[in-house]
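Only one structure is covered here, and it is reproduced in the block below.
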Amino acid sequence: MSRKLLSIAALGAVLALGACGDDNGPNGDTLSAQEQAALIQALSTAEVFAPSTAVALSPLLSEASVGSLGAFQTVGSQLKITLVNGGTSQTSVMTSLTGWDGLDVGAKTVDSAFTVASILDQGTFPSTVDTDLSSGDGFASYFDGSETFFGESGAFHVTSASFGATDDCPNISIGNGITACRIAVGTMSGDFDFTAKSASDDDYTRGNTSFSVPAVQLSITVDVTQE
């Protein structure tokens, strides 16, 4: 399944999901619904995630505890999308690490942000990830407050991914093509590095960085069978 198809599936499936976070804010290791909405808007505007993919952060962030990586507030995630079309199905899993600094809820902006991700065509969540970004199986981006750098050179390794029992997704009504949604919380550890370039041809390099952060695992099945 292509990244584009994965993003379209995520958009269609997750729009029906509502955030249900509490009001503790990042200092309480969670994000309120208002903070979640502001962060998603900020990451979309900064193009750290494509808008369609960023929408998938809503249910992820609603259940996530927020970790830290240097100055960044950080969460890990695994998003599995299964598209069913008649008697056939396709499944892809995106494993990603997203960080941000300086979230302004009122302005819906961040001072800086990054994401690094692996996208694999497979039917199960991986317990480890070993992705060469130049292979086309992953991507990275970095926002410095004024411009976004996009990179497909570097590496993303998840050496450990552990999640608890799955539950039905909160605040979702099965229907409108969504046939199943399950969520679990846990942790992810590993390391990454990447080089990236902006539209103005500036360069950004992120040296090897280790992480161990809270994470959320989300599995969505969508029936896209045409009538």
> Looking at residues at least two apart in the chain, or sitting in another chain, which of them share a side chain to side chain contact (heavy atoms under 4.5 Å, CB included) with A107?
Replying inline: D104, T109
>> Distance check, rounded to the nearest 0.5 Å: H157 atom NE2 versus D130 atom CG?
In response: 4.0 Å
>> Quick one, T128 with T159, criterion side-chain contact (heavy atoms from CB on, under 4.5 Å). Give me CA distance, side-chain angles, the key distance, then yes/no.
In response: CA-CA 5 Å; T128 62; T159 55; 5.6 Å; no
>> Do S92 and D121 have side chains that approach each other closer than 4.5 Å (heavy atoms only, starting at C-beta)?
In response: yes
>> For the CZ atom of F163 and the CG atom of L218, what is their distance to the nearest 0.5 Å?
In response: 10.5 Å
>> The criterion is side chain to side chain contact (heavy atoms under 4.5 Å, CB included); which residues satisfy it with A42, sequence neighbours excluded?
In response: V110
>> To the nearest 0.5 Å, what is the distance between CG on N208 and CG on D191?
In response: 4.5 Å
>> If we count only N and O atoms by modelled type, under 3.5 Å, do the side chains of S96 and S77 hold a donor and an acceptor together?
In response: yes
> Are L79 and L120 co-members of a hydrophobic cluster defined by side-chain heavy atoms under 4.5 Å apart?
Replying inline: no
>> Please check this pair: side chain of Q78 against backbone of V93, looking for a donor-acceptor N/O pair closer than 3.5 Å.
In response: no
>> List the residues meeting side-chain hydrogen bond (donor to acceptor under 3.5 Å, both in side chains) with D203, not counting sequence neighbours, and say none if there are none.
In response: K197
>> Could you measure the distance from the CD atom of Q217 to the OG1 atom of T95? Nearest 0.5 Å is fine.
In response: 8.5 Å
>> Quick one, F194 with Y204, criterion side-chain contact (heavy atoms from CB on, under 4.5 Å). Give me CA distance, side-chain angles, the key distance, then yes/no.
In response: CA-CA 8 Å; F194 63 87; Y204 173 80; 3.8 Å; yes
> Can you tell me how far the CD atom of E47 sits from the CZ atom of F143, to the nearest 0.5 Å?
Replying inline: 9.5 Å
> For S134, which residues count as a side-chain hydrogen bond (donor to acceptor under 3.5 Å, both in side chains) partner, sequence neighbours excluded?
Replying inline: D132
> For S118 and T131, which heavy atoms make the closest approach, and how far apart are they?
Replying inline: OG-OG1, 2.9 Å
> Looking at residues at least two apart in the chain, or sitting in another chain, which of them share a side chain to side chain contact (heavy atoms under 4.5 Å, CB included) with V105?
Replying inline: Q34, E35, A38, L103
> What pairs with S210 under side-chain hydrogen bond (donor to acceptor under 3.5 Å, both in side chains), at least two apart in sequence or on another chain?
Replying inline: none
> Which residues pass the side chain to side chain contact (heavy atoms under 4.5 Å, CB included) test with T166, sequence neighbours left out?
Replying inline: R182, A184
For residues 144-151, which side-chain donor-acceptor pairs fall under 3.5 Å, sequence neighbours excluded?
unit_1 : atom_1 : unit_2 : atom_2 : d
D144   : OD1    : S146   : N      : 2.9
D144   : OD1    : S146   : OG     : 3.1
D144   : OD1    : E147   : N      : 2.9
E147   : OE1    : S198   : OG     : 3.1
E147   : OE1    : S200   : OG     : 2.7
T148   : OG1    : A46    : O      : 2.3

>> Can you list everything that forms a ring-ring contact (aromatic ring centres under 6.0 Å, His included) with F156? Sequence neighbours excluded, please.
In response: none
>> Could you work out, with side-chain hydrogen bond (donor to acceptor under 3.5 Å, both in side chains) as the rule, every residue matching D111, not counting sequence neighbours?
In response: none
>> With a 3.5 Å distance limit and no angle check, can you tell me whether T91 reaches the backbone of T82 through a side-chain donor-acceptor pair?
In response: no
>> Minimum heavy-atom separation for K80 and G123, please, with both atom names.
In response: NZ-O, 3.4 Å
> V158 versus F211: any side-chain heavy-atom pair under 4.5 Å?
Replying inline: yes
>> Listing request: all ring pair (Phe, Tyr, Trp, His ring centres under 6.0 Å) pairs with a residue in residues 110-129, at least two apart in sequence or in separate chains.
In response: F72-F114, F114-F192
> Nearest 0.5 Å, what's the CD1-CE distance between I119 and M94?
Replying inline: 6.0 Å
>> Show the nearest heavy-atom pair for residues L133 and S153, with the distance to one decimal.
In response: CB-N, 3.9 Å
>> Let's go through T221 and V84 carefully: what are the C-alpha distance in whole Å and the side-chain angles of both, what is the deciding distance for side-chain contact (heavy atoms from CB on, under 4.5 Å) to 0.1 Å, and is it a yes or a no?
In response: CA-CA 7 Å; T221 301; V84 178; 3.9 Å; yes
